[in-house]
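What follows is a short report on a single structure.
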Amino acid sequence: MIYYASNHKVTERRTVKRSAPRASRPITSGAKRKAREASAPDAVALEVFSNALLSIAEEMGALLIRTAYSTNIKERHDASTAIFDCTGRLVAQAEHIPIHLGAMLSAIRHVLKRYPASGMRPGDAFIANDAYNGGGTHLADVTVAAPVFHAGKLIAFVANMGHWPDVGGIKPGAAMTEGCTEIYQEGLRIPPMRIMREGVLQENLFSFILLNMRFAEDRPADLRAQVATNQAGVRRIQEICAKYGAARFSALIEGVLDYNERAIRARIRELPEGSWSFEDQLDDDSHTPGPVPLKVTLTVRHQPKAHMTFDFTGSSPQRQGGVNVVYEALFATVAFALKATLDPGLWSNAAFERVVKLVAPEGSIVNPRPPAPVGGRGTTCQRLADLLLGVMAQIVPERVTACGHGTTSVNIHGYDPARRRAFICIDGLGGGMGAREGHDGMDAVQINTNNIPNLPTEILESEYPIRVERYELVPNSGGAGRFRGGLATRKDFRMLADTAFIAHADRHLFRPWALDGGEPGALGAHVRNPGTSNESLPSKGGPLLFKAGEMLRAQTAGAGGLGDPAQRDPRLLAIDLADGKVTAAEARKVYSAALVDAALEQARQL
C-alpha cells in the first residue's frame, strides 16, 4: 500500500498510477494542461522571477537575524523564512535550516483550515507551533505568517520561523527531558491563531502565550522582529506585483513549481529503476534504553512519470521519548537528501510533493499518533538523513558522503546570581562531515538537516554564568580511508553557578559508518569533570545537576572515511600529521608502515 502526501496527512491509497498527491496539484484536462504549458513563462523569466522571490526570502532572513532578541536567532541563526502562494504552496525558502522546510511546508495550509482567506485583511498575522495541528515539527519552532494583498486581492503569504528557547513544559527547553513522554509536557501547543488583526497586536492572546513560558520578558522582542520581518516581505512582494501584475505573478508562480517538478523528474530519470534498502539506528530515545531501529526502502520508477517512493516500514514503533518525527519533518528530511544528491541547484518548494511518495506507517517513529512527544525530532532527522544518504549511496555513490556526526545540542539552564535572573543556554556543536569522492570530510561543521553556527564563546560567556575552557578539534576522530572523515570537536563548559544539563545528542554507541572500505568515525561523548571523576553521561536526557565549579565536556562524533586506507595519498597523510589531526601512533594502526614513514618524511618538510 502506498501512502500519499495529502495536506501533509498520511492517507492510504490503493493505486500507484497517479504520479502526484491529489491535494498538491489541481486536476486538469489534457487540453487545459497543454494550453497552460503552451503559455508558460520562458526559462529566463522563471529564473529572474524565482531569484527575485529567493532574494526576498533571504532579505527577510537577514532582517530577522539582525533584529531578534533571542540568542538562538540572533547568534545561532536558528530561523527560516519562506514565501507561499495564495493557496499555501511553498514557492521559495531561504537557505537557512533544511529541517525547517518541514515546519514551513504546511504552515499556511493549517492557517487556511482555521481562517478562510475571505476573512483575512492586510496587517493580519498568524502564530503557530503545534506539531500535529499547526504545521510545526516541534514546539520550540514558532511560526509567524502573514497574508499579502495586491489591489485588494490575496496573492501570497510570507512566513518566518524562529526557535524560541522555551515554550513552557516540564523543564526549561523541555526537548529530550527525561520522563517527558507526551507532547503536553514539552510546552504550550499553539494552533494557528490570529496574533495581529489589521496591524494591531492581540494583547489578550499574547498575554496568555507569555504566561505559559519561562523567560517571557524576552519574547515580545522576538515577536516584534518576526512580525516586522513579514511586513518587509509583504512590501517586497507587493513591489513585484506592481511590476508584473497579479495575473502574471500567479502564472510565474505556477511556472516555477512546474519547472522545478520537471527538473526533479529529469534527475530521477538519470537513476536506474529498482529498489534498494538501508538500515541505521539511534542510540536510544532518552526514555527507554536500547537502540531505535530505522529502515528505508527506496524504489525508483520512470513510468508513468519519473518518481521515487520512500518506504519506512520496519522502522521502530513510536517511542515514549521525544525522538518521534511528524510527517512534515520526515518530508523535509527526504527533500534535503534528494536536493543534496540529485542536484543542489533544485529549488526548495512544493514541487517535491508532486514527485516524492512516502510510506510512513501510522504509529511509527516517523508518523506518530498524538500525543507522542516530538521535542527531540532533530536528532532523529539527522539519523534519517544518514539513512537516506546510505540508500542513495547504493545508486549514486559519487554524490554521497560517508556518515557524519549528526547532532550534539547542549541545554544548560539555571539561575544566574550575577545577573539575578534565570537563564537557558542552548549551544549546538559542529563535528565531522563524512568523506566524499575526491575530498576529505570537513572538520567541525554542522551537516545534513542542521545549518546552525555554534554559539560564539564571547557571546556565551557574556550572557551566561559559564566559562568555555576548551574548544578544539579531536585528533584521530575522523575515520581513515583513501579520503579521511572530518574531525569531531570537544567543548569544555565550566559552570560558574549551579546549573542543570539536558543532553540532546547521538552517535555515542554506534560509530558513523564509512563507504567503500573506509573506517568509521569516532564516537561522541558527554563527560562530567574530565581529568578527575571522568563520569560518562548519556547522549540524551536529564536534567543532570552540576554544581558551581564543575565541568561538562561535550564531544561530537567524528565522521566516516571513504576508500581503502592503503590507497591514501602520502602527501594528504603528511598534512594531517603536520597539523596534528592524526597522530603518528594512530596512523601506524590504520595505515601501512611504508605509507606512514613516507608521510612522516614529507611532514617534516612542510
Side-chain angles (χ1 to χ4, degrees), residues 278-281 283 382-383 385-387 389-390 392-394 396-408 429-448 472-490 505-525 555-606:
F278 195 80
E279 298 184 25
D280 208 333
Q281 62 278 310
D283 292 346
Q382 290 286 61
R383 289 289 72 74
D386 290 341
L387 189 77
L389 293 175
M392 290 298 293
Q394 300 176 47
V396 284
E398 71 281 0
R399 302 182 192 175
V400 176
T401 66
C403 185
H405 72 98
T407 296
T408 295
L429 279 63
M433 174 183 279
R436 60 202 188 278
E437 190 60 49
H439 299 278
D440 288 346
M442 298 175 68
D443 308 317
V445 293
Q446 296 285 359
I447 63 170
N448 296 346
E472 64 183 7
L473 296 176
V474 180
N476 305 318
S477 56
R482 185 170 70 254
F483 297 102
R484 172 185 51 76
L487 268 59
T489 59
R490 65 167 64 104
D506 204 58
R507 294 292 185 200
H508 287 198
L509 300 179
F510 302 103
R511 298 173 68 183
W513 42 262
L515 289 174
D516 193 26
E519 294 290 329
L523 294 172
Q555 181 168 313
T556 66
L562 183 146
D564 184 354
Q567 298 176 3
R568 184 152 178 80
D569 186 335
R571 185 175 183 280
L572 293 178
L573 181 56
I575 293 173
D576 283 346
L577 290 165
D579 289 343
K581 293 184 176 182
V582 177
T583 64
E586 183 65 23
R588 293 192 182 280
K589 295 179 182 178
V590 293
Y591 298 105
S592 68
L595 177 59
V596 174
D597 289 342
L600 286 170
E601 180 60 31
Q602 291 188 41
R604 284 189 284 269
Q605 300 173 14
L606 292 177

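Keep in mind that this is a model prediction, so the values were computed, not measured.
The two residues Ala488 and Gly558 have their closest heavy-atom pair at CB-N, 3.7 Å. Smallest separation of non-hydrogen atoms from Leu487 and Leu473: CD2-CB, 4.2 Å. Of all the heavy atoms in Leu595 and Ala566, the pair that sits closest is CD2-O, 4.3 Å. Closest approach of Ala584 to Leu600, counting heavy atoms only: CB-CD2, 4.2 Å. Residues Ala559 and Pro512 come closest through the heavy atom pair CA-CB, 4.3 Å. Shortest non-hydrogen contact noted between Pro520 and Ala514 is N-CB, 3.9 Å.
Judged purely by atom type and a 3.5 angstrom limit, Asp516 has no side-chain atom pairing as donor or acceptor with the backbone of Leu562. Proximity of a side-chain donor or acceptor of Gln382 to a complementary backbone N or O of Gly406 within less than 3.5 Å is detected. Here the side chain of Arg507 pairs no donor or acceptor atom with the backbone of Ala557 at under 3.5 angstrom. Within the 3.5 Å criterion, the main-chain N or O of Gly430 finds a donor-acceptor partner in the side chain of Thr556.
Residues Glu519 and Pro565 are in side-chain contact: their nearest non-hydrogen atoms beyond the backbone lie under 4.5 Å apart. Side-chain contact between Leu389 and Asn448 is present, with at least one heavy-atom pair separated by less than 4.5 Å. Counting heavy atoms from C-beta on, the side chains of Arg568 and Asp576 come closer than 4.5 Å. Within the 4.5 Å cutoff, the side chain of Thr489 has no heavy atoms near those of the Val474 side chain. Side chains of Arg436 and Phe483 form no contact here, defined as non-hydrogen atoms less than 4.5 Å apart.
Put simply, the residue from Arg490, His405, His508 that forms a side-chain hydrogen bond (donor to acceptor under 3.5 Å, both in side chains) with Gln555 is Arg490.
Atoms CG and CD, on Leu515 and Glu398 in that order, are 11.5 Å from each other to the nearest 0.5 Å. Interatomic distance, His439 NE2 to Leu572 CG, rounded to the nearest 0.5 Å: 11.0 Å. Atom OG in Ser592 sits 11.5 Å away from atom CD in Gln567 (nearest 0.5 Å). Taking CG from Leu429 and OG1 from Thr407, the interatomic distance works out to 11.0 Å, rounded to the nearest 0.5 Å. Between Asp440 atom CG and Met433 atom CE the span is 12.5 Å, to the nearest 0.5 Å. Here the CG atom belonging to Asp564 is positioned 8.0 Å from the CZ atom belonging to Arg482, to the nearest 0.5 angstrom.
The pair Lys581-Glu586 does not meet the salt-bridge criterion, since no charged nitrogen lies less than 4.0 angstrom from a carboxylate oxygen.
Around CZ of Arg588, the count of heavy atoms belonging to other residues, nucleotides or ligands within 6.0 Å exceeds 12. Heavy atoms of other residues, nucleotides or ligands lying less than 6.0 angstrom from CE of Met442 number 12 at most.
Trp513 and Asp386 form no side-chain donor-acceptor contact under 3.5 Å, judged by distance and modelled atom types alone.
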